[in-house]
Amino acid sequence: KAGVTQTPRYLIKTRGQQVTLSCSPISGHRSVSWYQQTPGQGLQFLFEYFSETQRNKGNFPGRFSGRQFSNSRSEMNVSTLELGDSALYLCASSFWGVNTEAFFGQGTRLTVV
Amino acid sequence: QKEVEQNSGPLSVPEGAIASLNCTYSDRGSQSFFWYRQYSGKSPELIMSIYSNGDKEDGRFTAQLNKASQYVSLLIRDSQPSDSATYLCAVTITEGDGSEKLVFGKGMKLTVNP
């Protein structure tokens, strides 16, 4: 059974640009959550999508957005990149949502210069 | 702000010993609790989930949950050098608007010495 797949693995972007990250969940999982991991703040919840709808949201600015497609694949977009957005972005998939076991992808390492 | 707290460590134990990792949380309504292991440069890997008070055992790992005291712990028996990693406690938190999110502790770095 294939795991969670995130693309790309590494990205370097310039301040002010925008970026789109992709996540393909485990087959049969309908929930995809996104997290930002930094050395200072640790793992922080961005948002969760379930059946193409954003169901839960963390405390991040509106520059961070996402969507989910009918096949449960999800994308996360960050607009007007700032240096502080440099982080490891992780997605996790689960059957029902944040209350159930979630499995992480390998992450996308974003560097903003 | 509802929080999940872990001692930052690091924790160092000899091979074969029991490693004990603890976590406290502030949301009395939390229902779901997880332990993840993260090796350096890798993504978190789910080790255990626990939903009810008491102990849950899986191989060398035992998760313990006490909702009255709002803590959850992870015991690793017969620790091996391959257990050396950062261990993350995660708790489902419900915000005032009814939204839910999985909140992680900052992690505890465990080193098992041969």
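Just so we're on the same page: letters track the sequence lines, and every chain starts at 1.
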Candidate polar pairs, chain A side and chain B side, donor-acceptor under 3.5 Å:
residue: A/Q37; atom: OE1; partner: B/Q38; partner atom: NE2; Å: 2.9
residue: A/Q37; atom: NE2; partner: B/Q38; partner atom: OE1; Å: 2.9
residue: A/N56; atom: OD1; partner: B/E100; partner atom: N; Å: 2.6
residue: A/N56; atom: ND2; partner: B/E100; partner atom: O; Å: 3.4
residue: A/V98; atom: O; partner: B/T92; partner atom: OG1; Å: 3.0
residue: A/N99; atom: O; partner: B/S32; partner atom: OG; Å: 3.0
residue: A/N99; atom: OD1; partner: B/S32; partner atom: OG; Å: 2.9
residue: A/N99; atom: ND2; partner: B/E100; partner atom: OE1; Å: 3.1
residue: A/N99; atom: ND2; partner: B/E100; partner atom: OE2; Å: 2.9
residue: A/E101; atom: OE2; partner: B/S49; partner atom: OG; Å: 2.5
residue: A/A102; atom: O; partner: B/Y36; partner atom: OH; Å: 2.8
residue: A/G105; atom: O; partner: B/S43; partner atom: OG; Å: 2.9

- Query: So which part of B/L102 gets closer than 4.5 Å to some heavy atom of chain A, the side chain, the backbone, both or neither?
  - Reply: both

Applying the 4.5 Å side-chain criterion to the ILVMFWY set and letting contacts propagate, would [X] and [Y] be lumped into a single cluster?
X      : Y      : answer
B/F33  : B/I76  : yes
A/L81  : A/L46  : yes
B/M108 : B/L88  : no
A/F45  : A/L110 : no
B/V72  : B/F34  : no

- Under 4.5 Å from any heavy atom of chain B - which part of A/L43: both

- Note on the structure: Heaviest contributor of heavy-atom pairs below 4.5 Å to chain B, chosen from A/A102, A/G97, A/G42, is A/A102

- Query: Residues two or more places apart in sequence or in another chain: which of them pass side chain to side chain contact (heavy atoms under 4.5 Å, CB included) with A/S70?
  - Reply: A/E52

